[in-house]
Amino acid sequence: MAASVSTLIRRLKKGYPNAHCALDHSNAFELLVATVLSAQCTDVRVNIVTKDLFAKFKSPKDYANASLLEIENVIRPTGFFRAKAKSLKGLSQKILSEYDGEIPRQMESLVELPGVGRKTANVVLGNAFGIASGVVVDTHVKRLSFRLGLTKNKTPEKVEQDLNKLIPKTNWIVFSHWLILHGRSVCLARKPRCETCQLNDICPKKGVKAPSRK
């Protein structure tokens with residue numbers, strides 16, 4: 001049986017009252033850049049890299065005018081740095097040429113930018129502009145949503161569709177932050193700490209192996 005959504009939200013809200021975006025940024029463009037870099041990379045490492053990156057490249061114009069090699073040299077620690085550098089330069093050029101240097105506030109426009117999918121667009125719209133366009137689905141959100149019985153799907157797109165139907169729109173933005181924090185501190189991938197989890201009694205523990213008896 002899936003977790004009661006109202007009870008789930010109430011407990012997550014109580015457990016993580018200060019939940020917020022873990023990527024350091026001071027404006028929408030920086031958040032867009034940081035989210036692109038976060039693919040296959042931890043938020044902690046991204047924040048270390050962007051400290052130097054944002055000091056050197058302050059606007060879409062700086063990325064557009066820089067060589068790929070210049071960008072690559074700074075973002076190398078995030079992995080897949082060549083593809084990411086190409087995306088950052090490309091999206092910056094498009095923002096300059098089509099949006100006068102401003103970040104678009106529509107899902108349809110954001111996902112047309114190089115390297116930007118629904119997850120990145122949802123992150124930017126929700127955390128930079130307060131626009132609830134959908135629940136952000138990263139690896140933690142996907143894993144916990146399945147364990148909690150909120151979805152039977154495995155692809156981010158399908159999981160998002162399921163969550164958007166179940167979770168009240170007023171909680172779309174913060175819900176992913178709750179699950180991410182819970183996934184990092186309690187509901188670990190390999191050895192979830194079910195015995196100390198505040199959701200233990202309402203969680204169906206889908207896919208969680210029962211502890212072996214000696």
Quick one, [X] and [Y] - any side-chain contact, counting heavy atoms below 4.5 Å?
{"X": "Leu88", "Y": "Leu37", "result": "yes"}
{"X": "Ile71", "Y": "Phe81", "result": "no"}
{"X": "Asn171", "Y": "Val174", "result": "yes"}
{"X": "Val136", "Y": "Val141", "result": "no"}
{"X": "Cys41", "Y": "Arg45", "result": "yes"}
{"X": "Lys206", "Y": "Leu148", "result": "no"}

Please check if atom CD in Gln40 has more than 12 non-hydrogen atoms from other residues, nucleotides or ligands closer than 6.0 Å. no

Would you please name every residue forming a side chain to side chain donor-acceptor pair (under 3.5 Å) with [X], sequence neighbours left out?
{"X": "Lys205", "result": "Asn200"}
{"X": "Asp201", "result": "Arg11"}
{"X": "Asn164", "result": "Glu160"}
{"X": "Thr196", "result": "none"}

Using modelled atom types only, decide if a donor and an acceptor are shared between the side chain of [X] and the backbone of [Y] within a distance under 3.5 Å.
{"X": "Lys142", "Y": "Val159", "result": "no"}
{"X": "Trp172", "Y": "Ser133", "result": "no"}
{"X": "Lys89", "Y": "Leu68", "result": "no"}
{"X": "Lys84", "Y": "Ile75", "result": "no"}

Could you state whether Ile173 and Val123 fall into the same hydrophobic cluster, counting links through intermediate Ile, Leu, Val, Met, Phe, Trp or Tyr residues with side-chain heavy atoms under 4.5 angstrom apart? no

Can you hop from Leu125 to Ile167 via hydrophobic side chains spaced under 4.5 Å? no

Evaluation steps, side chain to side chain contact (heavy atoms under 4.5 Å, CB included), between Leu150 and Leu8: CA-CA 11 Å; Leu150 302 176; Leu8 174 64; 3.8 Å; yes

Could you pull out all residues at least two apart from [X] that satisfy side chain to side chain contact (heavy atoms under 4.5 Å, CB included)?
{"X": "Ser87", "result": "Val36"}
{"X": "Thr155", "result": "Glu157, Lys158"}
{"X": "Asp62", "result": "Phe57, Lys58, Ser59"}

Rounded to the nearest 0.5 Å, what separates atom [atom1] in [X] from atom [atom2] in [Y]?
{"X": "Arg82", "Y": "Lys86", "atom1": "CZ", "atom2": "NZ", "value": "12.5 Å"}
{"X": "Leu12", "Y": "Lys14", "atom1": "CG", "atom2": "NZ", "value": "12.5 Å"}
{"X": "Arg143", "Y": "Lys154", "atom1": "CZ", "atom2": "NZ", "value": "12.5 Å"}
{"X": "Ser67", "Y": "Asn73", "atom1": "OG", "atom2": "CG", "value": "8.0 Å"}
{"X": "Glu72", "Y": "Thr78", "atom1": "CD", "atom2": "OG1", "value": "10.5 Å"}
{"X": "Asp138", "Y": "Thr120", "atom1": "CG", "atom2": "OG1", "value": "11.0 Å"}

What pair of heavy atoms forms the shortest contact from [X] to [Y], and how long is it?
{"X": "Leu32", "Y": "Val116", "value": "CD1-CG2, 3.9 Å"}
{"X": "Ser145", "Y": "Leu163", "value": "OG-CD1, 3.5 Å"}
{"X": "Ala28", "Y": "Val124", "value": "O-CG1, 4.4 Å"}
{"X": "Pro168", "Y": "Ile9", "value": "CD-CD1, 3.5 Å"}

Can you give each donor-acceptor pair under 3.5 Å made by side-chain atoms of residues 179-192, sequence neighbours left out, with the distance rounded to 0.1 Å?
| residue | atom | partner | partner atom | Å |
| --- | --- | --- | --- | --- |
| His182 | ND1 | Tyr16 | OH | 2.7 |
| Arg184 | NH2 | Asp43 | OD2 | 2.8 |
| Ser185 | OG | Tyr16 | OH | 3.4 |
| Ser185 | OG | Leu181 | O | 2.8 |

Residues Val137, Ser176; criterion side chain to side chain contact (heavy atoms under 4.5 Å, CB included); working and verdict: CA-CA 7 Å; Val137 178; Ser176 61; over 6 Å; no

Which residues pass the ring pair (Phe, Tyr, Trp, His ring centres under 6.0 Å) test with Phe175, not counting sequence neighbours? none

Can you list the steps and then say if Ser92 with Lys61 is a side chain to side chain contact (heavy atoms under 4.5 Å, CB included)? CA-CA 7 Å; Ser92 296; Lys61 187 176 181 180; over 6 Å; no

Contacts satisfying ring-ring contact (aromatic ring centres under 6.0 Å, His included) that involve residues 116-155 (not counting sequence neighbours) are none

Which pairs pass side-chain hydrogen bond (donor to acceptor under 3.5 Å, both in side chains) with one or both residues in residues 17-39, sequence neighbours excluded? Ser26-Glu30

Does the pair Leu144 and Trp178 meet the rule for a side chain to side chain contact (heavy atoms under 4.5 Å, CB included), with working shown? CA-CA 11 Å; Leu144 268 65; Trp178 287 335; over 6 Å; no

All N/O donor-acceptor pairs, side-chain side in residues 93-115, below 3.5 Å, sequence neighbours left out:
| residue | atom | partner | partner atom | Å |
| --- | --- | --- | --- | --- |
| Lys94 | NZ | Glu112 | O | 3.3 |
| Ser97 | OG | Gln93 | O | 3.1 |
| Ser97 | OG | Lys94 | O | 3.4 |

